[in-house]
Structure formats: C-alpha cells, structure tokens
Amino acid sequence: MTRQMSGAKMIVQALIDQGVDTVFGYPGGAVLPIYDEVFQQNAIRHILVRHEQGAVHAAEGYARSTGKPGVVLVTSGPGATNAVTGLTDALMDSIPLIVLTGQVPTFMIGSDAFQEADTVGITRPCTKHNWLVKETDKLAGVIHEAFHVATSGRPGPVLVDIPKDVQFATGTYMPPKPSTSHYQPKLKGDMDAITELVAAIEKAKRPIFYTGGGVINSGPAASQLLRELVAATGFPITSTLMGLGSYPASGEKWIGMLGMHGLYEANMAMHDCDLMINIGARFDDRITGRLDAFSPKSIKAHIDIDPSSINKVIKTDIPIVGDVGHVLEDILKVWKSRGRKTNAEAVAKWWTQIEEWKKVDCLKFTQKGKTIKPQHALARLEALTKQYDRYICTEVGQHQMWAAQYLGFEDPNRWMTSGGLGTMGYGFPASIGVQIGHPDALVINVAGEASWLMNMQEMGTAVQYRLPVKQFILNNERLGMVRQWQELLHGERYSHSWSDALPDFVKLAEAFGAKGILCSDPADLDDAIMEMINHDGPVIFDCLVTKHENCFPMIPSGKAHNEMLLGEAETQGVIDSKGSVLV
Amino acid sequence: MSPLKIKKGATSHSAYNLRPTFSDVIERHTLAVLVENEPGVLARVIGLFSGRGYNIDSLTVAEVDHTGHLSRITIVTSGTPQVIEQIKAQLGRIVSVHDVHDLTVEGASVERELAMFKVVGQGDKRVEALRLADIFRANVVDSTLESFVFEITGVPDKIDAFAELMRPLGLTEVARTGVAALSRGE
Ligand SMILES: Cc1cc2nc3c(=O)[nH]c(=O)nc-3n(C[C@H](O)[C@H](O)[C@H](O)COP(=O)(O)OP(=O)(O)OC[C@H]3O[C@@H](n4cnc5c(N)ncnc54)[C@H](O)[C@@H]3O)c2cc1C
Ligand SMILES: Cc1ncc(C[n+]2csc(CCOP(=O)(O)OP(=O)(O)O)c2C)c(N)n1
C-alpha cells in the first residue's frame with residue numbers, strides 16, 4: 001500500500017514500520033517539521049537529551065543492550081557535528097545506529113546558509129554509509145535501506161541527511177519490503193574451511209577460543225552455540241573487552257579477558273597455544289602486543305563477517321568469512337558428524353599448565369588502611385549486585401579496565417563500553433539508553449570522575465525521565481590512565497593529568513534533583529552501595545579511592561604477551577623508546 | 001550483461017584471496033571497481049585511500065551502465081601483497097561498491113591510457129617532434145606554426161617514454177586520463 005504524505009510524516013511512519021519504539025534526539029530549525037510529527041503521535045517515544053553526543057551514546061547503549069538498532073534525530077550544522085564523536089565510536093565498535101539529521105533546504109545547499117554543514121562529507125569516514133535525500137519520493141526507501149545497511153553484515157552507524165524542503169514536500173510513502181539492494185553480506189562460511197578447522201580442533205594439543213564483539217553482534221543464539229562448542233570440546237576460552245558475557249564468567253572453561261590489561265593466564269595461553277580459534281574478534285593492537293612475537297607457535301583460524309578484518313594485521317591460516325552464529329552451527333554439525341573427537345589427553349595437560357598460570361592470581365590485591373582501593377570498590381560492587389538483573393556501562397580509563405577485570409558477566413548484551421575509540425563521556429549517556437531499553441533493570445555506570453564530567457549534562461535527562469541510573473564514580477582526582485602512562489613512560493612528570501576544581505558530586509546530584517552519596521571509608525562501602533541500589537532514582541556515587549593506583553596486569557606497548565607486568569615492583573624502565581611511540 | 005565482463009565467480013577466488021604470503025615486495029595492481037553511480041561515491045573511494053594511507057598511482061572513473069546506474073573506477077595502486085589484499089577488502093565493504101576485481105591477478109588484461117601533449121618549437125625540433133610522434137603513432141589534433149597538440153594512446157610506459165622524448169623538444173603541457181583496463185578474452 002502506498003500513500004501520499006509529507007516527508008516529515010514519512011520519516012515517522014518509516015520508523016514506526018521499522019519497529020522503532022524510541023528515538024534519542026535534540027531539536028533545531030532544520031528538523032522542526034519532523035518534531036511536529038513526533039508531537040502528533042504516540043507510537044514512538046522521543047527522549048530529549050542535553051547534548052547530541054549524548055543522544056548518540058544513549059542510542060549505542062540502547063542498541064548494544066537490546067540487540068535492536070538505535071535511532072537518533074538531530075538538527076543540521078552544530079547538531080550534526082556534535083554527533084560525530086558518537087558516530088565514530090559506533091563505527092569502531094560495530095554498533096548499529098540510524099542517525100537522522102536535518103539539513104538546510106536543497107536550494108540553499110552550498111550557500112553557507114545558516115547552520116549549514118556538509119554533513120554527508122563530514123560523516124563519510126565515520127559512518128558505514130550515509131545518504132543525502134533530495135527528493136521526498138525517495139525518502140522512505142532510503143530510510144528502510146538505512147536500517148538494512150546498519151543491521152546487516154558487520155553492523156555500524158548510518159546517517160540520513162534530510163533537507164528541510166524535503167520534509168515539507170509531499171511524496172509517496174513506500175512501506176518496508178525485503179531489501180533488494182545489492183548489499184547482502186554473506187552469512188554462511190565456506191564448508192571446506194570449516195572442515196579444515198574441525199580437523200585442527202580434533203588434533204589440537206593446546207587450543208584456545210579467542211572470542212570478541214562479533215559474537216555479541218551475531219545475537220544471543222551465537223552465544224548459545226559458543227557455549228555449546230566450548231562445553232563439548234572442553235577447550236579454554238578467553239575474550240576481548242568487547243566480547244565479555246558471550247561466555248559466562250562463572251563458566252568452567254573461562255580463563256578471563258586477554259590483552260593489554262587482560263589476565264596473566266589468558267595472555268600466556270594465547271602466547272603458547274598451538275591452535276587459536278578467533279571468533280568475531282579483530283586482532284586489535286590491545287590484544288596482539290608486539291606483532292612478531294604474537295602467539296608464534298599457533299595455527300590461527302579466524303571467523304569474521306568482514307573480509308577486511310581477516311589478514312589485516314595477523315596472518316590467518318584458516319580464514320572463514322561468515323556470521324558467527326551460522327559458522328558455529330556448521331562447525332558443531334561437522335565436528336559431531338566426524339565423531340566428536342578431540343585430543344583429550346593433550347588438552348588435559350594443557351589445562352594443567354593453565355591452572356599453574358592461574359595460581360599467579362594476577363588480580364590479587366589487599367585492601368588495607370583507611371582509603372578504598374578501586375579494585376576493592378569493584379569487588380564489593382560485584383558481590384552486592386551480581387544477583388540483580390544488571391547492566392554495566394563504563395567510561396574510559398583505569399576504572400574501565402578494573403570493571404572488566406573485577407566484574408563478571410554471565411550473559412551477552414550486559415556490558416556496554418567504548419572499546420575501539422575509547423571515548424571518555426560514553427558511559428553516562430550509554431547508561432541512559434540502557435535504562436530506557438530495560439526500565440526495571442539495575443543499570444550502573446562505572447566511571448572515572450574526569451570521564452564522567454565530559455557528559456554530565458545528561459543528569460538533566462536522567463532526572464527528567466526518572467531513569468534510576470547509578471553513576472558509580474571511582475574518584476581518584478586524577479586522569480588515572482594518563483597518569484599511569486606518565487609514571488611508566490614519562491619519568492613521573494604528571495603533566496595536566498589531575499582533576500582540579502572538582503564539583504561536590506553530592507551537591508551536584510542534589511542540584512539536579514537527584515541523590516548523591518559520598519563514600520570514603522572502606523568500612524562504609526557496603527552500606528553505601530546498598531543505599532545506592534535501593535534508591536529509586538538516579539544516583540551519583542562519589543567513591544573516593546586511592547589516588548595513585550596502577551592498573552595491572554599490563555602488557556607495555558611494544559612488548560609480547562609473555563612480557564607482562566604484574567605489579568609495581570616490575571615497572572622500572574620497562575618500556576623502551578620504541579614502545580613509547582605507541583599508544 | 002555485466003559491464004565488467006569478468007568470469008563469474010572470480011571474486012571469491014582472486015579479489016578476496018584470503019591466504020596471502022606476507023611479503024615486503026611492492027606490487028603494482030590494477031583494480032576495476034564497479035560502483036553505484038551516486039553522489040559521493042568517488043569521495044568514498046578516494047577517502048578510503050587517503051584515510052588509510054594507500055597509494056593511488058592512477059584513477060579513472062566514468063559511467064558504464066546508464067540504466068543500471070553503474071560506474072567503473074579503474075585504480076592503479078601499489079603496495080605489499082598484504083596491503084593490496086586489504087585495499088580490495090576495504091573497497092569491497094563500501095556499501096556502494098558492487099564488485100572489486102584485481103585485473104593484475106585475474107588472468108591477462110589490457111591497459112590503455114590516453115594523453116595529450118603540447119609541444120612548442122620551431123625548425124629542427126619541430127620536425128623531430130613530428131617524426132617521433134609518427135613512430136609512436138601519436139596523432140596531431142591541433143597545430144599552429146609554432147606548436148602541436150599530439151594525442152597518444154597506449155600503456156602508461158609508452159606514454160612515459162613519449163613524454164621523455166618530447167621534453168627537450170619543447171613540451172609545455174601534458175594531460176593524461178589515467179588507466180582504463182579490461183580483462184582479455186570472453
Ligand atoms: C583504555 C583501553 C584499554 C583497553 N584494553 C584492552 C584489553 O586489555 N583487552 C581487550 O580485549 N581490549 C582492550 N581494549 C579494547 C580494544 O581497544 C578493542 O576495542 C577491542 O579489543 C576490540 O574487540 P574485538 O576484537 O572483539 O572487536 P570488535 O571491535 O568488537 O569487532 C568485532 C569483530 O567481529 C566482526 N563481526 C561483527 N559482527 C559479526 C558477525 N555477526 N559474525 C562474525 N563476525 C562479526 C567484525 O567484523 C569485527 O572484526 C581497551 C580499550 C581501551 C579504551
Ligand atoms: C574524549 C577523550 N579524551 C581524552 C582521552 C584520553 N584518556 C584516556 S583515559 C583518560 C583519563 C580518564 O580519567 P578518569 O575518567 O578519571 O578515569 P581513571 O583513569 O582515573 O579511572 C584520558 C584523558 C580519551 N580516552 N577520550
């Protein structure tokens with residue numbers, strides 16, 4: 001059925017037909033016709049943020065936690081440019097978003113009109129794809145295609161730029177239909193390669209599953225299949241920061257996160273394995289460390305839906321292009337049909353070795369004295385919240401790494417963090433998006449005070465929509481992660497890495513009409529956390545922690561996995577000049 | 001009709017060869033990229049090369065299928081086999097790209113470039129320029145008493161050679177189209 005309607009109405013209709021229930025946005029001159037349509041309907045809820053960057057991160061949090069694409073509506077010019085950081089963040093972390101921007105009318109494009117920006121030009125490198133729609137008749141089709149592109153293959157953000165005259169003009173609405181575009185990424189893996197991998201699984205003596213964000217992107221069924229494959233083979237499994245939760249932290253075969261701040265046992269196992277099965281991870285530099293020393297003895301298999309991820313940095317022996325869920329299903333099928341074989345004896349020996357590494361207990365710490373250690377704060381947060389229906393977001397820095405190390409994730413889509421871009425200011429708006437998607441859940445943003453301030457204006461949003469998001473700030477009065485690098489690399493010259501003139505967070509919360517809790521004594525911590533959980537409304541929790549704590553383990557830049565630093569004693573002069581140019 | 005005229009199935013076996021040997025040898029490859037003819041598509045392709053630090057030795061683009069809205073971009077690039085493989089994979093994931101073909105590895109291909117040269121001179125130099133143009137099968141497309149504009153078609157090496165010869169004879173301006181290439185045979 002096709003109908004005549006205005007472009008603005010068409011946009012709202014297309015969103016409804018795509019099953020959208022929530023839009024994060026901020027109005028302005030170039031989107032007023034759309035806002036007028038938003039006003040006159042009830043099917044879609046619009047969340048008014050306080051800054052367009054917040055809208056995009058909120059949509060990311062919503063998308064990652066619900067598995068549905070996030071939708072953003074902002075105005076032209078400054079509205080669009082404010083969205084750029086969020087778009088780049090979503091591109092790096094493969095988060096599906098549809099961002100709609102207003103544009104000056106078509107006849108004014110190119111004239112330096114008021115609030116004109118070359119939005120498609122600016123966002124071309126930070127979107128998966130973008131469109132400038134110049135005819136109302138094409139609008140609905142483009143929006144439907146935008147959903148298709150954002151959510152198929154490797155997900156990512158897309159942007160549709162809509163001039164104001166196109167919103168006013170009348171055109172023909174086209175309802176969604178199965179995409180006929182040429183963009184149809186391949187989901188099934190090559191069976192020969194899958195059989196080759198199964199043969200390698202049967203023989204492997206020191207295998208490891210190295211899983212990543214691709215498992216989450218593939219959907220809950222992929223995590224289910226992954227669990228089945230791990231249980232059936234008995235192989236150890238590690239994950240990147242982006243993949244946490246796809247295999248449960250309480251699972252028997254879990255050996256923790258890997259990488260720069262990953263666990264000793266996970267990194268040692270990656271280094272010494274003879275078969276590495278990469279499932280939806282991209283050999284990021286936080287993982288590989290020094291490339292020529294990266295897992296030198298292993299056969300490497302890589303399952304990824306994006307051919308450009310394969311062989312980008314690490315040479316792969318068994319490349320499989322396809323969707324994690326589809327490929328795992330085929331691996332299980334082939335492996336079962338060939339008699340469910342593994343080299344059980346060798347794998348048992350491998351586990352003995354891994355157990356030895358685990359004894360190093362690389363995350364151990366002692367809470368003593370009158371100051372709360374950040375690790376202790378997170379260990380208590382974990383103990384007191386893990387039985388809840390819980391979602392965790394983070395900002396970027398040391399607290400992010402400690403959250404990854406000390407909190408356990410049992411399910412996918414429960415962990416929202418900015419991995420690829422490392423965007424300070426991501427976590428708070430993301431927690432708002434998560435809470436919108438899961439109104440009854442306990443949503444906690446583990447933050448550093450510096451990151452949190454970057455998007456603190458979103459307190460207004462949290463209070464307006466009565467979102468009980470818990471802002472758990474590990475306040476070290478330092479840009480901790482920067483300070484740590486300065487300590488290790490720049491002779492302890494702490495150039496501009498402290499947080500001066502901090503607000504009183506309790507008063508700040510109160511000024512917004514929310515609750516603030518200050519906690520500085522380890523003895524009060526549990527009660528304070530319980531008070532935070534039990535408060536029905538947004539809370540800023542100002543947890544004063546040790547100021548010069550370092551985040552370990554750490555593989556210094558330019559070093560190999562087996563050259564990991566475990567604690568303070570080992571840090572003197574470890575990073576050479578070659579390593580210090582790396583970030 | 002596929003405007004690319006490349007054997008069916010060639011894509012998965014060559015353009016996306018995922019098992020390279022990582023070597024340091026710099027190779028020169030000619031890629032044929034079939035793209036949706038829409039605004040910004042060239043910017044996407046060029047932006048990919050500049051953003052990721054790849055080389056463009058030459059680039060040509062024109063619509064090849066009006067009804068299907070398809071353009072063909074021919075790119076000559078150079079890099080190690082790993083870089084070439086990345087370039088192809090990165091091109092392949094641009095949403096407006098329909099197909100990427102590496103003419104250098106997908107069997108034999110023919111390459112041509114068109115160039116125009118303005119040569120200004122008198123006397124012996126003018127005669128010599130005309131004589132060399134004849135040897136290179138360049139055509140005279142404009143002439144005054146003191147200048148010629150030659151048009152020449154050929155592989156880039158031939159055009160380079162002709163340019164070298166014209167330089168001492170009064171070469172003042174050059175316009176080159178960049179390479180167009182097709183695979184040989186059916
Ligand atoms: C301060 C800081 C420190 C960090 N330290 C660490 C660290 O110690 N350890 C760590 O792991 N990370 C760390 N990170 C994060 C790191 O930068 C990367 O973001 C992360 O390692 C990438 O995760 P990934 O490889 O799982 O890839 P992602 O970015 O999640 O990419 C997913 C991959 O899966 C593919 N894919 C997507 N969908 C599918 C599908 N359906 N089927 C198949 N494949 C699919 C994609 O093509 C892509 O290749 C840190 C980040 C920060 C900010
Ligand atoms: C937008 C942005 N600017 C700068 C950085 C660089 N950076 C990474 S971590 C960090 C410090 C973060 O401090 P804080 O939020 O207090 O967390 P902590 O490390 O102390 O836990 C900085 C400045 C960044 N990641 N993002």
Side-chain angles (χ1 to χ4, degrees), chain A residues 91 94 109 118-134 138 142 145-146 148-150 152-154 156 158-159 161 179 181-186 189-190 192-193 196 291-292 300-321, chain B residues 2-4 9 11-24 31 33-54 65 68-71 79-102:
Chain A
L91 186 70
S94 301
I109 289 178
D118 176 7
T119 302
V120 285
I122 290 169
T123 62
R124 204 172 279 131
C126 60
T127 51
K128 184 175 172 185
H129 196 66
N130 62 15
W131 296 262
L132 167 65
V133 185
K134 289 184 169 173
K138 294 203 171 138
V142 168
E145 180 66 9
H148 169 68
V149 171
S152 339
R154 181 178 184 165
V158 301
L159 181 143
D161 198 24
S179 168
S181 92
H182 74 92
Y183 183 74
Q184 307 291 345
K186 150 171 173 291
D190 175 54
D192 290 346
E196 200 181 328
L291 285 175
D292 59 358
K300 297 174 187 74
H302 188 176
I303 303 166
D304 203 296
I305 203 158
D306 180 352
S308 80
S309 286
I310 294 178
N311 282 328
K312 179 155 59 182
V313 279
I314 295 292
K315 184 175 171 328
T316 300
D317 304 286
I318 310 174
I320 303 174
V321 176
Chain B
S2 149
L4 268 171
T11 308
S12 57
H13 294 289
S14 41
Y16 296 109
N17 180 4
L18 295 171
R19 300 179 188 223
T21 43
F22 280 17
S23 103
D24 295 335
L31 309 179
V33 189
L34 198 66
V35 301
E36 200 97 13
N37 183 15
E38 62 185 15
V41 64
L42 189 59
R44 280 181 214 287
V45 170
I46 292 172
L48 171 72
F49 278 75
S50 63
R52 293 188 184 261
Y54 305 142
D65 177 355
H69 292 289
L70 294 176
S71 289
T80 62
Q82 185 196 5
V83 167
I84 301 278
E85 190 210 341
Q86 259 299 299
I87 292 174
K88 290 185 281 189
Q90 292 290 350
L91 283 168
R93 71 203 275 263
I94 295 178
V95 172
S96 359
V97 168
H98 283 235
D99 243 326
V100 181
H101 287 278
D102 185 345

Listed partners of A:R154 passing side chain to side chain donor-acceptor pair (under 3.5 Å), at least two apart
A:S94, A:D306, A:S309
Hey, which of B:G47, B:G51, B:A43 has the most heavy atom pairs under 4.5 Å with chain A?
B:A43
For B:V83, is it the side chain, the backbone, both, or neither that has a heavy atom closer than 4.5 Å to a heavy atom of chain A?
neither
Drop me the distance from A:R124's CZ to B:I94's CD1, to the nearest 0.5 angstrom.
10.5 Å
Determine the minimum heavy-atom distance between A:S308 and B:A89, stating which atoms define it.
CA-CB, 3.5 Å
Would you mind checking which part of A:V120 comes under 4.5 Å of any heavy atom in chain B, side chain (CB onward), backbone (N, CA, C, O), both or neither?
neither
Nearest 0.5 Å, please: how far is OG1 in A:T127 from CZ in B:R44?
6.5 Å
Return the minimal non-hydrogen interatomic distance between A:H129 and B:V95, and the atom names on each side.
ND1-CB, 3.5 Å
Separation between OG of A:S181 and CD of B:E36, rounded to the nearest 0.5 Å
8.0 Å
So do the side chains of A:P307 and B:R93 get within less than 4.5 Å of each other, counting heavy atoms only?
no
